[in-house]
A.B. asks: 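Pasting a structure below so you can have a look.
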Amino acid sequence: MDITKLQFVSVPVADHARARDFYVETLGFEPVVDRRGPHGQFVLVAPQGAESGLVLIDFEVDGRGFGGPVHLQFHTADVEADLAALRAAGVEVAEPQDMPWGSTISFADPDGNPISLLQPTAPGNRPN
(Lines give C-alpha, C1' and ligand atoms only; values in the text may rest on other atoms or scores of the structure.)
Protein backbone atom coordinates (compact mmCIF):
# COMPACT_ATOMS: atom_id res chain seq x y z
CA MET A 1 0.00 0.00 0.00
CA ASP A 2 1.13 3.51 -0.74
CA ILE A 3 -1.47 5.75 0.95
CA THR A 4 -0.12 9.25 1.37
CA LYS A 5 -2.97 11.48 2.53
CA LEU A 6 -6.67 11.76 3.27
CA GLN A 7 -8.55 13.17 0.25
CA PHE A 8 -11.93 13.93 1.85
CA VAL A 9 -14.59 12.76 4.29
CA SER A 10 -18.21 12.50 3.13
CA VAL A 11 -20.70 14.24 5.41
CA PRO A 12 -24.43 13.54 4.83
CA VAL A 13 -26.54 16.71 4.64
CA ALA A 14 -30.19 17.48 3.93
CA ASP A 15 -29.67 20.93 2.39
CA HIS A 16 -26.44 21.68 0.51
CA ALA A 17 -26.83 25.46 0.58
CA ARG A 18 -27.46 25.53 4.34
CA ALA A 19 -24.56 23.14 5.03
CA ARG A 20 -22.22 25.03 2.69
CA ASP A 21 -23.07 28.33 4.40
CA PHE A 22 -22.41 26.80 7.83
CA TYR A 23 -18.98 25.41 6.90
CA VAL A 24 -17.93 28.43 4.81
CA GLU A 25 -19.55 31.39 6.62
CA THR A 26 -19.57 30.11 10.21
CA LEU A 27 -16.45 27.92 10.35
CA GLY A 28 -14.40 29.83 7.76
CA PHE A 29 -13.75 26.92 5.38
CA GLU A 30 -12.98 27.59 1.73
CA PRO A 31 -15.43 26.50 -0.97
CA VAL A 32 -13.43 24.24 -3.30
CA VAL A 33 -16.05 22.67 -5.61
CA ASP A 34 -19.79 23.26 -5.89
CA ARG A 35 -21.40 21.65 -8.92
CA ARG A 36 -24.09 19.26 -10.01
CA GLY A 37 -22.96 15.70 -10.72
CA PRO A 38 -24.63 12.53 -11.97
CA HIS A 39 -25.67 11.59 -8.41
CA GLY A 40 -26.70 14.99 -7.08
CA GLN A 41 -24.93 18.09 -5.84
CA PHE A 42 -21.18 17.78 -5.17
CA VAL A 43 -19.93 20.31 -2.63
CA LEU A 44 -16.35 20.17 -1.36
CA VAL A 45 -15.21 22.53 1.42
CA ALA A 46 -11.91 22.59 3.30
CA PRO A 47 -10.13 24.50 6.05
CA GLN A 48 -7.91 27.18 4.54
CA GLY A 49 -4.67 25.67 3.24
CA ALA A 50 -5.72 22.08 3.99
CA GLU A 51 -4.91 19.18 1.66
CA SER A 52 -8.15 17.37 2.52
CA GLY A 53 -11.72 18.47 2.95
CA LEU A 54 -15.35 17.55 3.43
CA VAL A 55 -17.73 16.48 0.69
CA LEU A 56 -21.28 17.45 1.61
CA ILE A 57 -23.38 14.59 0.21
CA ASP A 58 -27.10 13.94 0.01
CA PHE A 59 -28.58 11.82 2.80
CA GLU A 60 -29.89 9.54 0.06
CA VAL A 61 -28.76 8.94 -3.53
CA ASP A 62 -30.50 6.57 -5.93
CA GLY A 63 -32.59 5.14 -3.07
CA ARG A 64 -29.53 4.36 -0.91
CA GLY A 65 -29.30 6.07 2.44
CA PHE A 66 -25.90 7.11 3.71
CA GLY A 67 -26.93 7.35 7.35
CA GLY A 68 -25.00 9.50 9.72
CA PRO A 69 -23.99 11.30 11.74
CA VAL A 70 -20.28 11.65 11.06
CA HIS A 71 -18.16 12.98 13.94
CA LEU A 72 -15.60 15.57 12.82
CA GLN A 73 -12.71 16.89 14.89
CA PHE A 74 -10.43 19.74 13.88
CA HIS A 75 -7.39 21.34 15.53
CA THR A 76 -7.52 25.02 16.45
CA ALA A 77 -4.97 27.47 17.81
CA ASP A 78 -7.43 29.24 20.16
CA VAL A 79 -10.41 27.28 21.45
CA GLU A 80 -11.65 30.19 23.62
CA ALA A 81 -11.75 32.62 20.66
CA ASP A 82 -13.52 29.98 18.55
CA LEU A 83 -16.04 29.40 21.34
CA ALA A 84 -16.86 33.12 21.44
CA ALA A 85 -17.10 33.37 17.62
CA LEU A 86 -19.37 30.32 17.34
CA ARG A 87 -21.69 31.56 20.08
CA ALA A 88 -21.79 35.01 18.45
CA ALA A 89 -22.87 33.27 15.23
CA GLY A 90 -25.73 31.61 17.10
CA VAL A 91 -24.20 28.12 17.32
CA GLU A 92 -25.06 26.15 20.46
CA VAL A 93 -21.68 25.10 21.89
CA ALA A 94 -21.00 22.94 24.95
CA GLU A 95 -18.75 24.31 27.67
CA PRO A 96 -15.02 23.72 27.01
CA GLN A 97 -13.55 20.49 28.35
CA ASP A 98 -9.93 20.24 29.50
CA MET A 99 -8.44 16.86 28.64
CA PRO A 100 -4.89 15.54 29.03
CA TRP A 101 -4.35 16.10 25.30
CA GLY A 102 -5.86 19.62 25.16
CA SER A 103 -8.96 21.78 25.45
CA THR A 104 -11.99 20.94 23.34
CA ILE A 105 -15.40 22.36 22.50
CA SER A 106 -18.28 20.48 20.89
CA PHE A 107 -21.22 21.53 18.72
CA ALA A 108 -23.17 20.23 15.71
CA ASP A 109 -23.65 21.31 12.12
CA PRO A 110 -27.19 22.10 10.88
CA ASP A 111 -27.75 18.38 10.12
CA GLY A 112 -26.73 17.20 13.59
CA ASN A 113 -23.26 15.94 12.65
CA PRO A 114 -21.13 16.35 15.81
CA ILE A 115 -18.06 18.57 15.51
CA SER A 116 -15.33 19.23 18.03
CA LEU A 117 -12.46 21.69 17.99
CA LEU A 118 -9.30 20.72 19.86
CA GLN A 119 -6.55 23.07 20.99
CA PRO A 120 -3.77 20.54 21.65
CA THR A 121 -1.75 20.79 24.83
CA ALA A 122 1.86 21.68 24.16
CA PRO A 123 4.23 18.73 24.66
CA GLY A 124 5.66 18.80 28.18
CA ASN A 125 2.67 20.79 29.51
CA ARG A 126 0.27 17.88 29.81
CA PRO A 127 -1.57 17.46 33.09
CA ASN A 128 -0.75 14.30 35.04
A.B. asks: Taking side chain to side chain donor-acceptor pair (under 3.5 Å) as the definition, give me every residue that meets it alongside Thr76, ordered by chain and number, with sequence neighbours left out.
C.D. replies: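 Checked Thr76 against side chain to side chain donor-acceptor pair (under 3.5 Å); matches are Asp82.
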A.B. asks: Nearest 0.5 angstrom please: Leu117 CG to Leu83 CG, how far?
C.D. replies: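 Interatomic distance, Leu117 CG to Leu83 CG, rounded to 0.5 Å: 9.5 Å.
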A.B. asks: If you look only at pairs with a residue in residues 86-96, which of them pass as a side-chain hydrogen bond (donor to acceptor under 3.5 Å, both in side chains), with sequence neighbours excluded?
C.D. replies: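 Residue pairs passing side-chain hydrogen bond (donor to acceptor under 3.5 Å, both in side chains), neighbours aside: Arg87-Glu95.
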A.B. asks: Kindly give the heavy-atom pair with the smallest separation between Asn113 and Pro12, and that separation in Å.
C.D. replies: ND2-O, 3.2 Å
A.B. asks: For Asp34, give me all partners under salt bridge (charged side-chain N to carboxylate O under 4.0 Å, His left out), at least two apart in sequence or on another chain.
C.D. replies: Arg20
A.B. asks: Tell me, do Pro100 and Thr121 make a side-chain contact under 4.5 Å, heavy atoms counted?
C.D. replies: no
A.B. asks: With sequence neighbours excluded, what pairs up with His75 under the side-chain contact (heavy atoms from CB on, under 4.5 Å) test?
C.D. replies: Leu118, Pro120
A.B. asks: Using side-chain contact (heavy atoms from CB on, under 4.5 Å) as the criterion, list what pairs up with Thr26, not counting sequence neighbours.
C.D. replies: Phe22, Leu86, Ala89, Val91
A.B. asks: Name all residues meeting the ring-ring contact (aromatic ring centres under 6.0 Å, His included) criterion together with Phe29; count only those two or more places apart in sequence or in a different chain, and write none if there are none.
C.D. replies: Tyr23, Phe74
A.B. asks: Return the set of residues passing side-chain contact (heavy atoms from CB on, under 4.5 Å) with Glu51 (not counting sequence neighbours), or none when no residue passes.
C.D. replies: Lys5
A.B. asks: Sequence neighbours excluded, which residues qualify as side chain to side chain donor-acceptor pair (under 3.5 Å) partners of Glu80?
C.D. replies: none
A.B. asks: Starting at CD of Gln73, measure out to CD1 of Ile115 and round the result to the nearest 0.5 Å.
C.D. replies: 11.0 Å
A.B. asks: What heavy-atom pair brings Ile57 and Ser10 nearest, and what distance separates the two atoms?
C.D. replies: CD1-CB, 3.8 Å
A.B. asks: Hey, mind stepping through Phe107 and Leu27 against side-chain contact (heavy atoms from CB on, under 4.5 Å) and telling me if it holds?
C.D. replies: CA-CA 12 Å; Phe107 54 98; Leu27 297 186; 3.9 Å; yes
A.B. asks: Under the side-chain contact (heavy atoms from CB on, under 4.5 Å) criterion, do Asp109 and Val11 qualify, and how do the steps go?
C.D. replies: CA-CA 10 Å; Asp109 74 7; Val11 178; 4.0 Å; yes
A.B. asks: What are the two closest heavy atoms between His16 and Val43, and how far apart are they?
C.D. replies: CD2-CG2, 3.8 Å
A.B. asks: Residues in side chain to side chain donor-acceptor pair (under 3.5 Å) with Glu25, at least two apart?
C.D. replies: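 In terms of side chain to side chain donor-acceptor pair (under 3.5 Å), with neighbours along the sequence ignored, Glu25 is linked to no residue.
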A.B. asks: For Val45 and Pro31, work out which heavy atoms get closest and say how close.
C.D. replies: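 Result for this residue pair: CG1-CA, 4.3 Å.
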A.B. asks: Can you list the residues that meet the side chain to side chain donor-acceptor pair (under 3.5 Å) rule with Ser106, with sequence neighbours excluded?
C.D. replies: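 Scan of Ser106 (side chain to side chain donor-acceptor pair (under 3.5 Å), adjacent residues dropped) gives none.
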A.B. asks: Could you pull out the closest heavy-atom pair between Ala46 and Gly53, with the gap in Å?
C.D. replies: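 Scanning both residues completely, I find the closest heavy atoms to be CB-CA, 3.9 Å.
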A.B. asks: To the nearest 0.5 Å, what is the distance between CD on Gln119 and CG on Asp98?
C.D. replies: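 Result: 9.5 Å between the selected atoms.
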A.B. asks: Which residues pass the side-chain contact (heavy atoms from CB on, under 4.5 Å) test with Arg18, not counting sequence neighbours?
C.D. replies: Ala14, Asp15, Pro110, Asp111
